[in-house]
Amino acid sequence: MKNIYLSLCLFGVIFSSFGQEFTNAPKPFGPVPTQKQIDWQEMEFYAFVHFSLNTFTNKEWGFGDESPELFNPSQLDVRQWTRVVKEAGMKGIILVAKHHDGFCLWPSAYTERSVKNSPWENGKGDLVKELAAACKEYDLKLGLYLSPWDRNHPQYGKPEYITYFRNQLKELLTNYGDVFEMWFDGANGGDGYYGGANETRKINTLTYYNWDETYKLIYSIAPKTLVWGVGPSEARWIGNEEGRAGKTNWSLLRQKDELAGKVHYSEFMSGHEDGEKWVPGEADVSIRPGWFYHSVEDDKVRSLDEMVDIYYESIGRNATLLLNLPVDRRGLVHENDEARLKELVATIKADFSRELLAGTQVQASNIRANDSNFGPQNVSDGNKNTYWATDDKVKEATVEFTFKKPTEINRVLLQEYIKLGQRVKAFSIEAKVDGQWKTIATETTIGYKRILRLDRVTATALRVNILDAKAGFVISTIEAYNAPTFVKEPHIGRDKNGLVTMKSEGGAAIYYTLDGKTPSEKSTLYKAPFKYNKAVEIKAIARNTKEKINSAVKSAKYGVSKEKWKVISVSSGDDKSAERIIDGDANTDWAFGNNENKLPQTVVIDMGELVSIKGFTYTPQQVGSNLGLISNYELYTSADSFYWDKQSEGEFSNIKHNPIEQVKSFSTVKARFLKFVATAAVGKTQTVSIAEIGVVE
Ligand code: FUL
């Protein structure tokens with residue numbers, strides 16, 4: 001070892017414990033990450049767990065008046081969570097220790113609203129402690145979510161609450177070992193129980209929490225903790241709850257502007273090229289539509305296609321992936337969620353099973369000061385701490401790999417050596433196919449990690465052209481793979497009249513069943529749209545007949561079709577196009593209400609006959625940026641359209657950031673008419689829109 005050290009020194013080289021730092025190594029450029037941020041980024045994939053009173057009340061946001069006695073899981077087993085998470089290759093778990101309703105999963109000394117007043121473990125339990133121990137056992141890191149908004153606390157909105165909030169932070173950061181990430185959600189202020197006041201409390205999100213002080217407190221007791229979300233955070237939200245980062249994704253942010261309220265969250269998807277601080281993106285998403293468990297979503301676990309897309313559009317786009325597993329009422333990760341996770345992991349593993357650039361002949365158009373320490377061989381040596389670097393002023397250069405024989409490729413993975421900053425602004429990839437160079441990708445940023453899914457080419461050589469950069473650049477990794485062909489699930493749609501249409505990508509054949517059985521290539525072949533207006537679960541696969549590969553199974557559940565449905569009155573808006581809300585197509589919508597016709601707004605639907613229903617659904621507009629989201633509603637039913645019974649009223653929690661289909665259940669009732677009243681909207685708009693209204697039979 002000593003000899004190696006000496007000989008390296010002879011060449012004017014210095015070794016550091018973090019890898020190589022050569023005397024003529026490039027200097028950091030622009031904002032750079034701290035070691036804490038690098039360690040965090042390298043975790044890449046970790047889990048979220050939402051499990052609280054909402055699990056038992058079937059809500060997404062509790063109002064704050066729910067009894068702690070409702071928290072009563074029958075088979076709670078945190079080791080099952082950690083096993084599932086570990087087996088999926090995730091590196092940690094962030095537990096929602098307190099959600100917006102104020103219920104604490106640990107026996108906080110500062111409130112009675114916690115597990116100590118629930119029947120679980122006779123009030124002696126501490127879920128944070130149990131999970132911390134299980135994480136240790138499984139070598140996972142523990143993170144915690146403490147909601148700044150507390151819809152239960154009597155003093156929310158006053159300075160006293162901040163003291164309470166900080167006291168709880170201290171408990172969480174001192175009693176449970178290291179916390180790798182502290183998660184502060186941005187939903188803040190609104191109506192709530194607030195100790196019985198039952199009122200709306202607005203706060204100034206920029207000033208109320210005095211985040212500077214709160215951060216000082218955190219760092220004084222838990223310097224290893226990375227703080228996410230609001231305030232001068234070390235990582236940012238990716239701007240949607242879909243788990244998708246922008247194709248262009250800078251790990252930089254103009255945080256000063258953000259703290260002054262001048263940055264809209266939609267900018268988080270891409271970060272800011274000119275940001276003054278390193279604030280990388282974290283993509284959060286739930287494996288189901290909601291964050292909390294709802295049994296109605298047992299068959300709505302995101303499809304494998306969607307999960308694979310999420311993987312490539314988060315980790316593959318320079319973000320970390322925080323995947324939520326909504327633990328169920330038993331206290332377990334549901335088997336459907338676990339099965340999907342296994343499919344995802346198997347797919348990703350297969351995609352990256354054999355790297356193809358290691359051992360190829362490689363050359364670059366520029367090497368920093370012609371120093372072989374920074375040569376292009378470093379990008380394919382499997383060592384993340386070595387890199388190919390160009391001269392400081394060279395912002396455009398090419399690296400070329402020559403294969404020993406024609407090689408099939410459909411994935412390229414690139415990494416910048418982010419310790420020195422994020423520099424690349426534009427790059428392209430070319431493949432030499434049949435002796436001709438062909439551009440197969442033109443992209444923007446790389447960052448910590450960028451993965452491209454490409455159409456398969458058989459290449460004799462591959463080129464990565466960096467086309468523009470902020471300064472000479474440092475690339476630590478370039479890899480190529482040939483992932484197995486992935487056949488996408490077919491799309492299934494059924495219109496108002498029960499006409500079923502299916503579509504596949506790239507002309508794949510579609511096979512389906514209508515009896516709930518798993519389809520195979522022996523099932524019915526889909527040839528043309530067909531009518532089926534009874535309640536049904538359609539299951540279908542797409543099949544690439546050439547390669548004999550099937551997609552995962554797509555399933556779509558329908559009640560009786562809306563053939564007999566009619567919109568019979570609307571309180572405002574164009575009543576002719578109101579039929580769009582019952583056309584079975586969530587991509588068409590209808591809007592009502594305006595500044596003259598203010599909320600509430602009402603729509604009445606005739607289902608054509610008496611139907612037994614136990615709930616209704618509202619799907620908000622899915623396309624566009626101004627969604628006209630309804631936040632509060634009332635739903636009435638009637639058998640004759642004269643006498644109406646109110647079946648349900650309340651809020652569509654979290655609809656602003658997660659505008660998915662809303663399902664509201666009630667006791668079974670026979671009805672022919674539905675009256676849906678939009679009583680309030682997200683934001684100040686008076687114009688609200690509906691993509692679809694449905695019923696749960
Ligand atoms: C949101 C919250 O309001 C949701 O309930 C959930 O916790 C999600 C992760 O963050 O903004």
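This is a predicted model, so every value here is computed, not measured.
- For the side chain to side chain contact (heavy atoms under 4.5 Å, CB included) test, residues two or more places apart in sequence or in another chain that qualify with S266 are H264.
- Shown here are the side chain to side chain contact (heavy atoms under 4.5 Å, CB included) partners of K262, two or more places apart in sequence or in another chain: D257, A260.
- For E87, the CD atom sits in a packed shell: over 12 heavy atoms of surrounding residues, nucleotides or ligands are nearer than 6.0 Å.
- In terms of heavy atoms, P620 sits closest to I660 at CD-O, 3.3 Å.
- At a threshold of 4.5 Å between non-hydrogen side-chain atoms, the residues W81 and L325 do not count as touching.
- For the atom pair NZ (K91) and CZ (F180), the distance works out to 11.5 Å, reported to the nearest 0.5 Å.
- Aromatic ring orientation, W291 versus H50: tilted (interplanar angle from 30° to 60°).
- Within 6.0 Å of the NZ atom in K300, the count of heavy atoms belonging to other residues, nucleotides or ligands exceeds 12.
- The side-chain heavy atoms of E443 and T248, taken from C-beta on, include no pair separated by under 4.5 Å.
- Within the 3.5 Å criterion, the main-chain N or O of V362 finds no donor-acceptor partner in the side chain of E400.
- No donor-acceptor pair closer than 3.5 Å links the side chain of T407 to the backbone N or O of F403.
- I440 places none of its side-chain heavy atoms less than 4.5 Å from the side chain of D455.
- A side-chain N or O of D381 and one of T386 form a donor-acceptor pair less than 3.5 Å apart.
- Between Y46 and W40, the side chains place a donor N or O and an acceptor N or O closer than 3.5 Å (distance only, hydrogens not considered).
- Below 30°, between 30° and 60°, or above 60°: for F374 and Y387 the angle between ring planes is below 30°, a parallel geometry.
- Sorted by first then second residue, the ring-ring contact (aromatic ring centres under 6.0 Å, His included) pairs that include residues 451-483, not counting sequence neighbours, are F352-Y481, W388-F473.
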Show your working on side-chain hydrogen bond (donor to acceptor under 3.5 Å, both in side chains) between E489 and S551 and close with a plain yes or no. CA-CA 5 Å; E489 293 169 17; S551 72; over 6 Å; no
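- Side-chain polar atoms of D371 and N373 form a donor-acceptor pair below 3.5 angstrom.
- G290 and N324 get closest at one heavy-atom pair: O-ND2, 4.2 Å.
- No side-chain heavy atom of K277 sits under 4.5 Å from any side-chain heavy atom of L253.
- In this structure, I238 and N249 have side chains that are in contact, with non-hydrogen atoms separated by less than 4.5 Å.
- When atom types are taken as modelled, the side chain of K470 and the backbone of E273 share a donor-acceptor pair closer than 3.5 angstrom.
- A donor-acceptor pair shorter than 3.5 Å cannot be found between the side chains of Q422 and W250.
- Side chains of E416 and N318: no donor on one and acceptor on the other come within 3.5 Å.
- The main-chain N or O of L420 is found under 3.5 Å from a side-chain atom of R423 such that the two form a donor-acceptor pair.
- Test L414, V474, T445, I466 against V424 for side chain to side chain contact (heavy atoms under 4.5 Å, CB included) and you get one pass: I466.
- Using modelled atom types, no side-chain atom of D391 and backbone atom of V394 make a donor-acceptor pair closer than 3.5 Å.
- Counting only heavy atoms from C-beta outward, the side chains of D351 and R411 approach each other to under 4.5 Å.
- A donor-acceptor contact closer than 3.5 angstrom is absent between the side chains of R236 and Y265.
- Classification of K224 and D178 as a salt-bridged pair holds, one side-chain N sitting under 4.0 Å from a carboxylate O.
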Test side chain to side chain contact (heavy atoms under 4.5 Å, CB included) on L173 and T225; report intermediate values, then the result. CA-CA 9 Å; L173 292 173; T225 300; 3.9 Å; yes
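- One finds the OG1 atom of T477 at 10.0 Å from the CG atom of N378 (value rounded to the nearest 0.5 Å).
- For the atom pair OG (S251) and OH (Y448), the distance works out to 11.0 Å, reported to the nearest 0.5 Å.
- There is a side-chain donor-acceptor pair under 3.5 Å between E430 and N465.
- Side-chain atoms of I429 and L462, non-hydrogen and from C-beta on, do get closer than 4.5 Å to each other.
- Judged by distance alone, the side chain of D468 and the main-chain N or O of K425 form no donor-acceptor pair under 3.5 Å.
- With hydrogens and angles left out, the side-chain atoms of N385 and S476 include no donor and acceptor closer than 3.5 Å.
- When atom types are taken as modelled, the side chain of Q37 and the backbone of W278 share a donor-acceptor pair closer than 3.5 angstrom.
- Every pair passing salt bridge (Lys or Arg N to Asp or Glu O under 4.0 Å) that includes a residue from residues 24-40 is listed here, sequence neighbours excluded: K36-E234.
- Side-chain atoms of N550 and R543 form a donor-acceptor pair, as typed in the model, at a separation below 3.5 Å.
- Partners of K449 by side chain to side chain contact (heavy atoms under 4.5 Å, CB included), not counting sequence neighbours, listed by chain and number: E44, I315, L413, Q415, I451.
- Counting non-hydrogen atoms of other residues, nucleotides and ligands closer than 6.0 Å to CD of Q436 gives a total of 12 or fewer.
- In this structure, the side chain of T439 does not engage the main chain of A441 through any donor-acceptor pair within 3.5 Å.
- In this structure, CD1 in I348 is found 9.5 Å from CE in M307, a value given to the nearest 0.5 Å.
- Residues I38 and K419 meet the side-chain proximity criterion, which asks for heavy atoms closer than 4.5 Å.
- N336 places no side-chain N or O within 3.5 Å of a backbone atom of R340 that could act as its donor or acceptor partner.
- With salt bridges taken as basic N to acidic carboxylate O contacts below 4.0 Å, one links E338 and K342.
- Among residues two or more places apart in sequence or in another chain, the side chain to side chain contact (heavy atoms under 4.5 Å, CB included) test is passed with N410 by R456, N482, A483.
- The CG atom of L172 sits 5.5 Å away from atom CE of M182, with the distance rounded to the nearest 0.5 Å.
- E282 and W183 form a side-chain donor-acceptor contact under 3.5 Å, judged by distance and modelled atom types alone.
- Remark: N658 CG to L629 CG distance equals 10.5 Å, nearest 0.5 Å.
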